[in-house]
2 protein chains.
Amino acid sequence: MFSFVEENYLKAIYHLSDHGNESVSTNALAEEMKTTAASVSDMIGKLSKKRVVDYQKYRGVNVSSKGKEVALQVIRKHRLWEVFLVDKLNFHWDEVHDIAEQLEHIKSPLLISKLDEFLDFPKHDPHGDPIPDENGVFATVKKIPLTELAPDTLSQVVTVNDSGTAFLKYLDKVGISIGTKIQIDDINEFDGSLDITINKQKSLTISQTAAQNILVANS
Amino acid sequence: MFSFVEENYLKAIYHLSDHGNESVSTNALAEEMKTTAASVSDMIGKLSKKRVVDYQKYRGVNVSSKGKEVALQVIRKHRLWEVFLVDKLNFHWDEVHDIAEQLEHIKSPLLISKLDEFLDFPKHDPHGDPIPDENGVFATVKKIPLTELAPDTLSQVVTVNDSGTAFLKYLDKVGISIGTKIQIDDINEFDGSLDITINKQKSLTISQTAAQNILVANS
DNA sequence: TATAGCTTTTAGATTTATCTAAAAAAAATG
DNA sequence: CATTTTTTTTAGATAAATCTAAAAGCTATA
């Protein structure tokens with residue numbers, strides 16, 4: 001079993017190593033964990049003894065395959081709890097990180113599988129980040145512009161193309177953010193604008209230009 | 001702020017002292033916490049310095065008014081999470097204690113107030129224990145036999161009178177347990193039997209004898 | 001390639017919560 | 001009421017995670 005602190009280190013190493021692809025320096029990890037290089041050295045030694053990281057002195061550190069598994073389960077829990085907080089408790093997506101940071105350490109595989117079911121097996125968190133399954137596998141989804149989505153198909157916003165302030169401000173105003181669920185109700189042929197429903201609640205019309213810049217995935 | 005361990009000690013002292021009414025011996029507390037008297041002595045000294053317990057050497061310990069507040073908030077969180085686990089995630093009421101024991105330490109007042117709302121402001125947990133409000137106050141509810149409940153009023157099972165095996169087995173079979181929400185739909189005059197709906201889902205008829213032994217509170 | 005400068009590790013302390021063993025205080029009993 | 005028994009506290013150690021300060025190892029460059 002791993003302590004909260006050990007889990008947080010594994011998660012940080014996983015992220016900083018770009019999903020385990022490159023090794024992480026002690027200093028980079030110290031900055032991420034808001035601690036000193038000395039503390040990081042200590043902890044890496046400990047994790048290495050537990051065989052969850054690969055480590056050689058002065059050569060940086062990376063997650064081992066076992067460590068990657070642990071990190072992915074923590075990430076899975078974090079993201080599922082974020083979905084719960086936003087979808088069920090009506091938190092805004094930018095308020096949930098710190099709470100999920102605590103909830104991710106709750107130990108109970110049954111709890112997580114029941115939570116997953118309760119949330120209807122979401123594939124992305126409210127920030128649009130993918131949620132690994134119980135085996136640590138990310139669903140591969142292809143992102144398409146909203147203009148290419150088939151009518152009456154439920155999708156979820158994954159990214160936006162145009163990250164200019166004006167566009168983001170517009171999205172915020174109409175209530176679209178990453179993770180928002182969108183369905184196309186009708187296409188207005190004369191100008192290509194779309195009548196859509198967001199989060200199964202609010203209906204509105206958006207221009208073809210806006211729709212081209214909203215990337216969605218079938219959810 | 002209090003550590004998980006400190007919160008657990010305060011909760012244990014609150015319970016063993018019968019809601020703060022009598023002082024608790026070091027040994028009793030050691031047994032409850034599954035630790036040694038020496039560890040308890042240490043921790044009591046620490047809690048005393050933080051002014052959350054009243055303590056004189058060799059005289060036992062009790063929660064101070066500040067400590068009682070802390071304990072009641074932890075108890076509130078524990079019981080709300082139990083309601084969530086049973087009502088929303090379909091756990092059985094006897095599986096939830098250990099998970100709630102972890103969830104009760106999550107720090108976020110906003111989370112708890114939103115959870116409370118999401119659960120529809122429950123007054124009792126799935127074991128029938130009352131849930132203190134945000135000020136640590138227990139709702140005073142009067143328990144009445146189901147036979148005396150007004151029709152179409154939502155109530156919640158608090159206790160049962162007849163604790164014989166046969167009756168408990170019957171309740172289990174029809175899906176009634178402590179915490180179950182019950183509404184009376186109709187009273188059959190000729191034999192006093194009741195048509196009821198439980199948890200806003202399932203309808204059934206129970207005998208007058210059974211109803212007399214089910215104690216409910218307006219929820 | 002020698003060395004200055006940065007990174008990393010080690011050494012030694014500190015804090016929190018625990019332990020065992022021993023001492024001190026209180027309670028029970030003859 | 002003295003003494004045995006039980007309870008409680010103190011003393012000293014341990015393990016986890018952290019810190020500061022100093023030593024050791026890399027690396028870039030002059």
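What you are looking at is a predicted structure, and each value in this text was computed from that prediction instead of being measured. Here is how names work: the chains are called A, B, and so on, in the same order as the sequence lines, proteins then strands, and each is numbered from 1.
As a whole-Å value, the separation of B/M1 CE from C/dT16 P is 15 Å. As a whole-Å value, the separation of A/L29 CG from D/dT18 P is 11 Å. Regarding B/K50, its NZ atom lies at a distance of 14 Å from the P atom of C/dT15, rounded to whole Å. Look at CD on A/Q56: it is 16 Å from P on D/dG25, rounded to the nearest Å. The nearest whole Å value for the distance from the CD atom in B/E7 to the P atom in C/dT16 is 16 Å. Protein atom CD of B/E6 is 10 Å distant from nucleotide atom P of C/dT18, rounded to whole Å.
No contact: B/F4 has no heavy atom under 4.0 Å from any strand.
Side chains of A/H92 and A/D94: a donor-acceptor N/O pair is present below 3.5 angstrom, by distance only. Judged by distance alone, the side chains of A/N8 and A/H105 do bring a donor and an acceptor atom under 3.5 Å apart. Defined by atom type and a distance below 3.5 Å, a donor-acceptor pair is missing between the side-chain atoms of A/E82 and A/H97.
Between B/F84 and B/W81, the ring planes lie perpendicular to each other; the angle is over 60°, past the 30° to 60° tilted range.
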Any protein N or O atoms within reach of nucleotides 12-16 of chain D? Criterion: under 3.5 Å, listing atom names and distances.
none

Check the interface with nucleotides 5-8 of chain D: list each N/O to N/O pair with the protein under 3.5 Å, or write none.
{"unit_1": "D/dT8", "atom_1": "OP2", "unit_2": "B/N27", "atom_2": "N", "d": "2.8"}

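Remark: A/S39 is in phosphate contact with D/dC19, judged by side-chain N or O atoms under 4.0 Å from OP1 or OP2.
Electrostatic pairing of A/K181 and A/D87 counts as a salt bridge here, judged by a charged N lying under 4.0 Å from a carboxylate O. Between B/K123 and B/D133 there is no salt bridge, since none of the side-chain N atoms of the basic residue sits less than 4.0 Å from a carboxylate O of the acidic one. B/K11 has a carboxylate O that lies under 4.0 Å from a charged side-chain N of B/E104, or vice versa, which qualifies the two as a salt bridge.
Judged by a 6.0 Å distance limit and a 45° cone about the ring axis, B/K68 is not positioned over the six-membered ring of B/Y14.
Just one residue in the list A/Q73, A/K107, A/K77 forms a side-chain hydrogen bond (donor to acceptor under 3.5 Å, both in side chains) with A/E7, and that residue is A/K107.
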